[in-house]
Amino acid sequence: MNVMRRRVKNSIVAVLAAGLAIGLSVPCWAQDSAKLFADNCAGCHGPNGKGDGPAAASLSPAPGDFAKTLAGKSDDWVAKIIKGGGAAVDMAPSMPPFGSMLNDDQIKAMAGYVKNLQK
């Protein structure tokens with residue numbers, strides 16, 4: 001019986017260690033979407049995606065409220081505009097591309113974050 005308990009215990013430890021390793025391997029950008037947004041987007045889009053950032057007044061057209069501009073848009077569409085800028089989706093060219101600053105995983109995380117702001 002001791003052998004059986006030891007095997008179960010070792011299996012549980014192995015599973016917990018694997019889970020911990022997976023958790024630690026999550027890139028920090030996945031947890032830092034709010035910071036990426038604050039650093040790169042909020043100046044125009046505002047902290048809550050309402051299109052009311054400090055630079056919005058000087059843009060033509062001004063950024064829209066995500067609740068309206070992203071309604072019905074897919075995650076892929078949002079990622080495309082983040083990566084390629086407004087011109088990539090026939091929107092305002094004043095929206096700059098971030099594809100050279102952010103990697104694809106960061107862009108995907110940002111798309112998810114931005115989609116949550118519209119709610």
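Treat the numbers as computed from the prediction; the structure is a model and nothing was measured. Reckoned from all heavy atoms, side chains included, excluding hydrogens, waters and symmetry mates.
A distance of 6.0 Å separates CG of L36 from CG of L102, quoted to the nearest 0.5 Å. Within the model, atoms CG of D105 and CE of M110 stand 13.5 Å from one another, a figure rounded to the nearest 0.5 Å. I107 CD1 to K80 NZ: the interatomic distance, rounded to the nearest 0.5 Å, is 13.0 Å. Put simply, CD1 on I81 and CE on M95 are 5.0 Å apart, with the number rounded to the nearest 0.5 Å. Distance check, rounded to the nearest 0.5 Å: CG of N40 to NE2 of H45 gives 10.5 Å.
When all heavy atoms of S33 and Y113 are compared, the closest pair comes out as CB-CB, 3.7 Å. Contact between C44 and P63 at its shortest, heavy atoms only, is O-CG, 3.4 Å.
A salt bridge links D104 and K83; the closest N-O separation between the charged side-chain nitrogens and carboxylate oxygens is under 4.0 Å.
Side chain of D65 to main chain of A67: a donor-acceptor pair is present (N/O by atom type, distance under 3.5 Å, no hydrogens or angles). In this structure a side-chain-to-backbone donor-acceptor pair under 3.5 Å is present from K115 to K73.
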Would you please test F98 and Q106 for side-chain contact (heavy atoms from CB on, under 4.5 Å) and show each step?
CA-CA 10 Å; F98 288 91; Q106 289 172 311; over 6 Å; no

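Hydrophobic clustering of Ile, Leu, Val, Met, Phe, Trp and Tyr side chains at less than 4.5 Å, counting indirect connections, keeps L59 apart from V89.
The aromatic rings of F66 and F37 sit perpendicular, their planes meeting at an angle over 60°, well past the 30° parallel limit.
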